[in-house]
K.L.:
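Here it is, the structure, as C-alpha cells.
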Number of protein chains: 2
Amino acid sequence: MAVPSSVSVTPTASPLFLRENEVRRGVELLFFGYTRLTRAIDEGLAEHGLGRAHHRALYFIARQPDLPISALLKILAITKQSLGRVLTDLSDRGLVETRAGDVDRRQKLLRLTPEGIQFEAQLFDALRNSLASAYAAAGQESVTGFWRVLEGLIPAEDKAMVVALQKDI
Amino acid sequence: MAVPSSVSVTPTASPLFLRENEVRRGVELLFFGYTRLTRAIDEGLAEHGLGRAHHRALYFIARQPDLPISALLKILAITKQSLGRVLTDLSDRGLVETRAGDVDRRQKLLRLTPEGIQFEAQLFDALRNSLASAYAAAGQESVTGFWRVLEGLIPAEDKAMVVALQKDI
DNA sequence: CAAGATACGTCAATATGGCTGTCCCATCTT
DNA sequence: AAGATGGGACAGCCATATTGACGTATCTTG
C-alpha cells in the first residue's frame, strides 16, 4: 500500500518508490529460489539423519576451518543452545572436531574431520549443480547483478562478516 | 571437491564446472540475503502473534485473490495439515476469509479481508524498504541479473506456477 | 445412476529447530 | 583478586513441519 504504482508526478521516481510489482517479483523469486536450492540437499542430509540446521553449521565450518564457536554463532544468528545441539550431533557422527584455541585456550576451534570434509563436499556438489546451471542459463553478467542485489540486502553490521568469508577465496 | 578450479584444459570451461568460489559466494549471499530479508517482518508479525508461516500464506493470498487451497498448497509445498493450522489462525484473527468456488463448489477460494489487506500491506512495506534499497544500490541492470539467476534455480515443474503469479502484474 | 476421483477438513502422534532462563566452569584481562 | 568472556549444560517451551488414517461434500465418468 501507499505505493503510487501508476501515478508518478516526477519523471524519474525515487528508487525507494519502486513499482510494487518489481518488489513482489524479487520477494517471490527469492522465496522459490532459496527454498528450492536448499531442497537439493535434503536427501543427502536425511541419509545421515541430519537436517538443514546441521548443514548450515557444516557449511560454514568447511568454509572457515578453525572457526571459533562464537564466530559461528554470529554467522548463524541462533542461540548457543540451538547451536549446541547441532554441534553435538555432528561430533557424535564424527563429522566435526574441536581443539582449544592457541591464543585463547577458552575458545574451541571447529574443524571438519576427513569424513566431514567428504560429506560436506558431497552436499556441496548438489548445491553446485543447481547454482551452476542457474548461472549458466543467466550468463556471467547476470551473476554479477545477482551478487550485487543480494549484497544490498545484508545489513551493514553483518557485511564485514560475509566479506570475511569470501576474502580468502 | 572434484572442481578443477585452477587447471583448465579447454580454454572455455563448461559452465557446469564453475569455480567453487563463485558457487560458494552465491550460496552465502542467498543465505544471508534471504534470512535478513525475512527478519525484516518478524516484528510486525509478532505484534499479531503470528509467525513466518502465516506471512507466506498471507502473501500469496494477497497476490492471487480467490486462490484455491490446492494452489496454495502447491506454492508453499507443505502438507495440508500444516497449512490448515496456519489458515485457522488467520481466519480466527479475521485476516482471511473463504468462499465456495463458483465453478467447483468443493473448492474454497481464499481471500484477504480488509483487515488482512491492510496487515499484509504493512508487512510488505518492510519488505519493500529492504528490497528497494538493495535494488537502488545495485542498479537496474543488476536487478535483471538477480531475477534471471533466481529464475534458473526454480525447477521446470514449478516455473509455470511462478510465472502465473507474475503474469497478471 | 452408481462408482470413483477430487477438494477439503480433522485427529493423533512425532520430529526439527528454534527460544528463554539459569547456572556452571575455565580462562583471560585488568 | 575481581570481573569479563568463551563455552557447556539443564529444564521447559514454542513454531512449524511431518505421516497416516479417516470423513464428507462434490464433481466426473462409465
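Throughout, a chain's letter reflects where its sequence line sits, starting with A, and its residues are numbered from 1.
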K.L.:
Please work out whether the ring planes of A/Phe124 and A/Tyr59 are parallel, tilted or perpendicular, with thresholds of 30° and 60°.
P.N.:
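If you compare the ring of A/Phe124 with that of A/Tyr59, the planes turn out tilted.
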K.L.:
Could you state the interatomic distance from CD1 (A/Ile69) to CG (A/Leu109), rounded to the nearest 0.5 Å?
P.N.:
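So the CD1 of A/Ile69 and the CG of A/Leu109 are separated by 9.0 Å.
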K.L.:
What is the nucleic acid contact for B/Arg52, judged by heavy atoms within less than 4.0 Å: base, sugar-phosphate only, or nothing?
P.N.:
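Counting heavy atoms under 4.0 Å across all strands, the contact made by B/Arg52 is with sugar-phosphate only.
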K.L.:
Within the 4.0 Å limit for protein heavy atoms, which parts of nucleotides 22-27 of chain D are touched? Write it as a string from 5' to 3', B for base, S for sugar-phosphate only, - for none.
P.N.:
---BBS
K.L.:
Does A/Arg85 contact D/dA9 through a side-chain donor or acceptor facing the base, at a distance under 3.5 Å?
P.N.:
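Result: no qualifying N/O pair found.
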K.L.:
Could you check how far CG of B/Leu72 sits from C1' of C/dC8, rounded to whole Å?
P.N.:
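Between C1' of C/dC8 and CG of B/Leu72: 13 Å.
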K.L.:
How far does CZ of B/Phe60 sit from CD1 of B/Ile75, to the nearest 0.5 angstrom?
P.N.:
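Reported to 0.5 Å precision, the distance equals 5.5 Å.
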K.L.:
Check the distance between D/dG6's C1' and A/Leu110's CG and give it to me in whole angstrom.
P.N.:
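My rounded result for the distance is 12 Å.
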K.L.:
Distance check: side-chain N/O of A/Lys108 vs OP1/OP2 of D/dG8, anything under 4.0 Å?
P.N.:
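For D/dG8, OP1 or OP2 has a side-chain N or O of A/Lys108 closer than 4.0 Å.
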K.L.:
Would you mind reading off the distance between A/Leu73 atom CG and D/dT5 atom P, rounded to a whole angstrom?
P.N.:
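My rounded result for the distance is 15 Å.
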K.L.:
Let me know, please, whether A/Thr79 or B/Gly84 comes out on the 5' side of the other along DNA chain C by nearest nucleotide.
P.N.:
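On the 5' side of the pair lies B/Gly84.
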K.L.:
Here's a test of your reading of the structure: between A/Leu50 and B/Leu109, which maps to the more 5' nucleotide of DNA chain C?
P.N.:
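The residue whose closest nucleotide sits nearer the 5' end is B/Leu109.
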K.L.:
Which residue lies toward the 5' end of DNA chain D, B/Ile78 or A/Gln107, if each is placed at its nearest nucleotide?
P.N.:
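Here A/Gln107 is the residue nearer the 5' end.
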K.L.:
Looking only at the side chains, is there a donor atom on one of A/Thr35 and A/Thr38 sitting less than 3.5 Å from an acceptor on the other?
P.N.:
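Per modelled atom types, A/Thr35 and A/Thr38 side chains form no pair under 3.5 Å.
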K.L.:
Give the rounded distance in Å between these two atoms: CG of A/Asp89 and P of C/dA15.
P.N.:
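Roughly 14 Å, once rounded to whole Å.
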K.L.:
Going by atom types alone, do B/Thr79 and B/Ser82 pair a side-chain donor with an acceptor below 3.5 Å?
P.N.:
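Yes - a donor-acceptor pair under 3.5 Å links their side chains.
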K.L.:
What class does the angle between the rings of B/Tyr135 and B/Trp147 fall in, given that below 30° is parallel, 30 to 60° is tilted and above 60° is perpendicular?
P.N.:
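Judged by the thresholds at 30° and 60°, the geometry between B/Tyr135 and B/Trp147 is perpendicular.
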K.L.:
Can you tell me whether the side chain of B/Gln81 and the base of C/dT10 have a donor-acceptor pair closer than 3.5 Å?
P.N.:
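Flag set: donor-acceptor pair detected.
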K.L.:
At under 4.0 Å, does any side-chain N or O of A/His54 touch on OP1 or OP2 of C/dG17?
P.N.:
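For C/dG17, OP1 or OP2 has a side-chain N or O of A/His54 closer than 4.0 Å.
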K.L.:
Between D/dA15 atom P and B/Leu90 atom CG, what is the distance in whole Å?
P.N.:
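From B/Leu90 CG to D/dA15 P: 14 Å.
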K.L.:
Measure from CG on A/Leu83 to P on C/dT20 and round the result to the nearest Å.
P.N.:
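So the two atoms are 14 Å apart, to the nearest Å.
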K.L.:
Determine the contact category for B/Ser82: base if any of its heavy atoms lies under 4.0 Å from a base atom, sugar-phosphate if only primed atoms, P, OP1 or OP2 are that close, otherwise nothing.
P.N.:
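Base contact - B/Ser82 has a heavy atom under 4.0 Å of at least one base atom.
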K.L.:
Check the distance between C/dC19's P and B/Asp42's CG and give it to me in whole angstrom.
P.N.:
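Atom-to-atom, B/Asp42 to C/dC19, this comes out as 11 Å.
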K.L.:
So, OP1 or OP2 of D/dA17: does either fall under 4.0 Å of a side-chain N or O from B/Arg56?
P.N.:
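Answer is yes, contact under 4.0 Å.
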K.L.:
Is there side-chain contact between A/Leu153 and B/Arg36, with at least one heavy-atom pair below 4.5 Å?
P.N.:
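Answer no - side chains too far apart.
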K.L.:
What's the CG-P distance between B/Leu76 and C/dC8, to the nearest Å?
P.N.:
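Going from CG in B/Leu76 over to P in C/dC8 covers 13 Å.
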K.L.:
So, does A/Ser70 get its side chain near the phosphate of D/dG7, meaning an N or O under 4.0 Å from OP1 or OP2?
P.N.:
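Yes, A/Ser70 has a side-chain N/O under 4.0 Å of OP1/OP2 on D/dG7.
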K.L.:
Hey, mind stepping through B/Arg39 and B/Asp42 against salt bridge (charged side-chain N to carboxylate O under 4.0 Å, His left out) and telling me if it holds?
P.N.:
CA-CA 5 Å; B/Arg39 241 163 247 174; B/Asp42 283 351; 5.3 Å; no
